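Report on the structure given below.
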Protein chains: 2
Amino acid sequence: MLRNRGDVSATTRARVLEAAKRLGYVPNKIAGALASQRVNLVAVIIPSLSNMVFPEVLTGISRTLEETELQPVVGVTDYQPEKEEKVLYEMLSWRPSGVIVAGLEHSDAARAMLAAAGIPVVEIMDTDGTPIDAAVGISHRRAGREMGQAILASGYRRIGFMGTRLGLDHRARKRFEGFTEALAKGGVEIEDREFYTDGSALAKGREMTKAMMERSPELDFLYYSNDMIGAGGLLWLQEQGYDVPNRIGLAGFNDVRLLQGLPTKLATMDSCRQEIGSRAAEIILGRLDTDEAPGNKVELTPRINPGDTLRAP
Amino acid sequence: MLRNRGDVSATTRARVLEAAKRLGYVPNKIAGALASQRVNLVAVIIPSLSNMVFPEVLTGISRTLEETELQPVVGVTDYQPEKEEKVLYEMLSWRPSGVIVAGLEHSDAARAMLAAAGIPVVEIMDTDGTPIDAAVGISHRRAGREMGQAILASGYRRIGFMGTRLGLDHRARKRFEGFTEALAKGGVEIEDREFYTDGSALAKGREMTKAMMERSPELDFLYYSNDMIGAGGLLWLQEQGYDVPNRIGLAGFNDVRLLQGLPTKLATMDSCRQEIGSRAAEIILGRLDTDEAPGNKVELTPRINPGDTLRAP
DNA sequence: CTGAAAGCGCTAACAA
DNA sequence: TTGTTAGCGCTTTCAG
């Protein structure tokens with residue numbers, strides 16, 4: 001079907017192809033890919049789509065890839081290493097031109113696959129660790145540390161922490177570690193903590209904050225592992241008539257633009273999501289075009305945005 | 001490489017394959033797909049990932065596909081027909097086992113491709129129109145109409161509308177049409193309207209609401225084309241001291257669980273996103289397994305959730 | 001049952 | 001230039 005057999009002229013052939021397109025004909029990329037050994041796909045592996053952070057990273061990737069022949073294909077791991085392994089296996093079996101994968105923590109099998117794939121691999125979001133190939137991200141440990149320092153500098157001393165259960169989300173864990181480290185340097189320890197697994201983050205933030213303030217009314221600062229639960233907490237505290245940021249201060253993480261429009265701006269820290277995405281895509285592109293050296297690690301530096309919930313030092 | 005040549009025993013071969021896996025070996029699905037003429041991929045084509053609604057549809061699709069051999073692959077169109085055509089072309093060229101595509105409105109070329117693909121095609125989210133093959137969704141026209149009726153029944157009469165620019169988002173347009181139709185039946189006309197294109201929805205809702213209330217202070221109800229801008233408006237009105245829902249009522253659309261946790265619940269309507277996703281996936285599966293008849297149209301019925309911003313009739 | 005061989009629909013290298 | 005042909009790495013079929 002649609003072979004260019006016999007002595008058909010170029011114009012005729014072009015006409016045929018055009019007609020074919022009109023009829024909804026689509027070439028078979030599988031055969032093409034097998035023959036040419038090239039697949040213009042970039043595998044993008046992320047933990048979740050409902051976290052808002054990851055769609056934004058994807059946006060950054062798409063934007064830079066848009067003008068090229070490469071296309072992102074996303075796989076979701078739900079923060080589960082086994083699922084990451086499976087998704088990675090599936091995607092690599094399609095022989096993509098590159099891989100962008102969230103995080104530096106992977107199973108041995110996953111690392112083996114990535115190392116053996118013979119394609120550029122960019123690990124994103126995190127730089128606290130040793131990348132397989134290249135990495136673009138921020139140091140979450142440092143982010144947590146800097147927020148801890150800022151909080152102490154503002155004079156808060158009785159600090160509570162709320163976040164996701166720290167087992168699977170390595171970046172949240174690293175922020176927490178950096179945070180406690182900074183507090184420890186100032187002779188301060190976290191006085192209360194609360195974790196959640198799922199549900200509407202805004203509602204969870206509200207519930208957890210209520211529970212914590214009832215349990216530990218002496219707290220004067222709440223550090224949240226993300227902005228959504230922070231916003232939930234903020235709304236609850238304001239309803240209760242707390243003086244924010246004087247009686248109690250708050251901070252989150254991510255600087256999600258979704259929340260712009262809330263009456264009070266939560267203190268937060270930009271996690272550079274779009275830039276991470278575009279930088280990662282650029283690395284893949286650079287590696288494909290030229291013989292650029294592998295193994296670069298790009299650490300972006302997030303800044304604290306004090307908003308209205310962290311009083312001036 | 002890794003040919004099963006010569007007289008290697010089955011056990012040896014198995015051992016070799018296992019070792020290969022340990023080393024990160026991954027089979028080539030391209031060759032496999034070409035040989036078997038089967039690709040266990042389902043193309044999912046949606047307008048956006050930042051809308052929250054679509055990730056939820058994806059969740060529904062993933063959940064039902066998870067236990068099968070099929071895998072979703074998503075493509076994003078940014079609400080642009082040309083981009084939809086391109087994405088569709090790219091995805092179809094990989095010969096997926098089925099297509100799930102948002103909306104019933106497509107370019108002629110896109111329809112031709114889908115019709116010619118010879119695979120199950122499920123159009124989702126919308127049932128106001130004629131599907132190419134199968135469809136699962138809600139009637140947005142009816143949704144708008146029912147909200148209009150509920151608003152009139154509650155005694156509101158001076159109504160304003162806010163939403164996205166209605167050109168490309170057909171479903172928002174249909175809701176608007178159904179809404180105005182219902183109002184017209186009650187002898188009421190929309191008194192003011194405002195549209196936005198992009199930006200943080202919460203912030204936009206706040207801004208638009210402020211602008212509209214300053215321009216048309218007589219309004220006693222605001223209908224928003226989605227919950228996020230509605231929530232922004234709600235926050236602004238409460239800050240200004242408006243009595244909601246007595247002085248002014250509000251309603252949005254989608255019933256996003258993201259907003260659970262706001263002090264006041266916005267009146268809204270469930271858009272059945274997860275169910276739409278899972279039903280669509282089930283249709284694909286059913287068509288592949290058995291010789292199920294094509295062309296079914298499933299209309300789900302959303303219900304009004306009055307929350308705290310629509311007073312009782 | 002095991003093992004060899006014939007393609008799948010293209011691309012790329014080569015021949016004319 | 002233009003047309004022909006040999007694979008790409010698997011699956012499937014068909015002989016042994």
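Just the heavy atoms: all of them, side chains too, but no hydrogens, waters or symmetry mates, feed the values below. Sequence lines set the chain letters: A, B, ... in the order given, protein chains first and strands last, and positions in each chain run from 1. Because the structure is a prediction, the values reported are computed rather than measured.
- Distance, A:N40 CG to C:dC10 C1': 14 Å, rounded to whole Å.
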Quiz: residues 48-60 of chain B side-chain donor-acceptor pairs under 3.5 angstrom, not counting sequence neighbours:
{"residue": "B:S48", "atom": "OG", "partner": "B:S50", "partner atom": "N", "Å": "3.0"}
{"residue": "B:S48", "atom": "OG", "partner": "B:S50", "partner atom": "OG", "Å": "3.3"}
{"residue": "B:S48", "atom": "OG", "partner": "B:N51", "partner atom": "N", "Å": "3.4"}
{"residue": "B:N51", "atom": "ND2", "partner": "B:Y79", "partner atom": "OH", "Å": "3.4"}
{"residue": "B:E56", "atom": "OE1", "partner": "B:R273", "partner atom": "NE", "Å": "3.3"}
{"residue": "B:E56", "atom": "OE1", "partner": "B:R273", "partner atom": "NH2", "Å": "3.0"}
{"residue": "B:T59", "atom": "OG1", "partner": "B:P55", "partner atom": "O", "Å": "2.9"}

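- Considering only side-chain atoms of A:A35, the nucleotide from D:dC8, D:dT12, D:dC10 that sits closest is D:dC8.
- Here A:Q37 does not reach the OP1 or OP2 of D:dG7: none of its side-chain N or O atoms lies under 4.0 Å away.
- Counting only heavy atoms from C-beta on, B:L34 has its side chain closest to C:dG9 among C:dG9, D:dT11, D:dC10.
- Look at CH2 on B:W94: it is 13 Å from C1' on C:dG9, rounded to the nearest Å.
- Across D:dT12, C:dC10, D:dC10, the shortest atom-to-atom separation from the side chain of B:N28 is found for D:dC10.
- For B:Q80, there are no side chain to side chain donor-acceptor pair (under 3.5 Å) partners, not counting sequence neighbours.
- Remark on DNA chain C: of its neighbouring residues A:I30 and A:R38, the 5'-side contact belongs to A:I30, judged by nearest-heavy-atom nucleotide.
- Judged purely by distance below 3.5 Å, without hydrogens or angles, the side chains of A:E282 and A:T64 never pair a donor atom with an acceptor atom.
- Under the side chain to side chain donor-acceptor pair (under 3.5 Å) criterion, B:Q71 pairs with no residue at all, not counting sequence neighbours.
- Under the side chain to side chain donor-acceptor pair (under 3.5 Å) criterion, A:E66 pairs with B:K83, not counting sequence neighbours.
- Sorted by first and then second residue, the pairs that involve residues 96-107 of chain A and meet salt bridge (Lys or Arg N to Asp or Glu O under 4.0 Å), not counting sequence neighbours, are A:E105-A:K174.
- Distance B:R95 CZ to D:dC10 P: 21 Å, rounded to the nearest Å.
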- Query: So what does the secondary structure string of DNA chain D come out as, 5' to 3', with Watson-Crick or wobble pairs under 3.5 angstrom, [ ] for crossing and | for pairs with another strand?
  - Reply: |.||||||||||||||

